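Computed from a predicted model, the values in this text were never measured in an experiment. Both counts, for ligands and for their atoms, begin at 1 and track the order of listing.
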Amino acid sequence: MDVAGKKGKLKKIAVFTSGGDAPGMNAAIRAVTRAALANKLKVVGIRHGYQGMIAGDFVALRASDVGGILHLGGTVLKTARSAEFRTAEGRAKAFHQLLKAGIDAVVVIGGDGSFTGALLMSQEYNMPFVGIPATIDNDMYGTDYTIGYETALNTVVEAVDKIRDTARSHGRIFFVEVMGHEAGLIALNSGIACGAEVILIPEKKDQHDELKKFLARGYKKKESSGIVIVAEGEETGGAMKIADEVRHEHPDLDVRVSILGHIQRGGSPTAKDRINATRMGVAAIEALLDDQKSIMIGLENGKLVQVPFNKAVKLNHSIDSNLLDIQKLMNY
Ligand code: F6P
């Protein structure tokens, strides 16, 4: 089935957030809504992600409805991870809800799982989708940046700085586990920003040798404490397991574990997250008005770019392994 109304006929758009929430999603909702209204489009917010799309949980958005949310963490439209949308039946229901509500195009704010769903639906029903990358993991191909990453990174840095105080006072080694799904971007960059002694990430397996070297050289001789940042996707099984192994092999060391968890997803977005979310929200509406579909708005070297969904979801965001060399140098 096809959707009526393409170029010049776009009248009503929907916007929603999907997957894990990220600070700055509200700024993106606000930007999409106000840019659309400024272009004489009607705007509908879909609540609770794809699950809400299936249920027809829609709400009309006016400019005033998105006032006072720019600085708020989380998402006022709520979010969800929908198993039903992964089925053809679920997507059929969702499409019929969009059709019933007279939606001509959709802006999806989320990560790769959300864009995979959008890509499928646009292929099955020719519904135009434009994506705005929002995930604290920063793991999307085709963009240097995803909304929420910077805020999450600062949250981690603030937390690890505090852990450093107690680690130093007691002469302990802390294994701090951070989020990132299968990517090590949060771990790598927070590790640099906090001066971690070791950083363990899924993208670089030989980092365990660095941990061994650090432990072997007897950290107490040179340093009073140590911070090891462990990405949750690190394949050896997380900070708990690694710390247990270290305790076993080095019973003389005073080892502690701190799993930062969902604190990383909350909080007021940084200025950068607000600014980029606003730029991306406006760019998403411009793209729809320009008859674009199945693309993600990305940022490359500070410039807004359009990346086809199939590239954004299939390819991986690479890490800058030069940063690990820099980190080693800083532990000289
Ligand atoms: O994608 C964001 C993220 O926070 C990942 O870093 C983490 O692996 C995952 O979501 C946790 O998801 P949930 O809140 O559903 O447990």
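- The protein heavy-atom contact nearest to atom 2 (C) of ligand 1 is Asp137 OD2, 3.3 Å.
- Defined by atom type and a distance below 3.5 Å, a donor-acceptor pair is missing between the side-chain atoms of Ser82 and Glu84.
- In this structure, atom 16 (O) of ligand 1 lies nearest to the protein heavy atom His262 NE2, 3.6 Å.
- The protein heavy atom nearest to atom 9 (C) of ligand 1 is Arg81 NH2, 3.7 Å.
- Not a single heavy atom of Gly111 sits closer than 4.0 Å to an atom of ligand 1.
- Asn138 has its side chain within reach of His317: a pair of non-hydrogen atoms, C-beta onward, lies under 4.5 Å apart.
- Residue Gln264 places every heavy atom at 4.0 Å or more from ligand 1.
- Atoms of ligand 1 lying under 4.0 Å from any heavy atom of Glu232, numbered from 1 in the order shown and given with element: 5 (C), 6 (O), 7 (C), 8 (O).
- Using a 4.0 Å cut-off between a side-chain N of Lys or Arg and a carboxylate O of Asp or Glu, Lys212 and Glu245 do not qualify as a salt bridge.
- Taking every non-hydrogen atom of His181 and a distance limit under 4.0 Å, the qualifying atoms of ligand 1 come out as 5 (C), 6 (O), 8 (O).
- Within the 4.5 Å cutoff, side-chain heavy atoms of His181 are placed close to those of Glu232.
- For ligand 1, the polar-atom distance check finds an N/O of Gly180 within less than 3.5 Å of one of the ligand's N/O atoms.
- For the side-chain contact (heavy atoms from CB on, under 4.5 Å) test with Val106, the passing option among Ile13, Leu98, Val130 is Leu98; the others fail.
- Classification of Glu158 and Lys162 as a salt-bridged pair holds, one side-chain N sitting under 4.0 Å from a carboxylate O.
- Checked by atom type and distance alone, the side chain of Lys78 never pairs as donor or acceptor with a backbone atom of Thr75 at under 3.5 Å.
- The shortest contact between atom 11 (C) of ligand 1 and any protein heavy atom is with Arg265 NH1, 3.5 Å.
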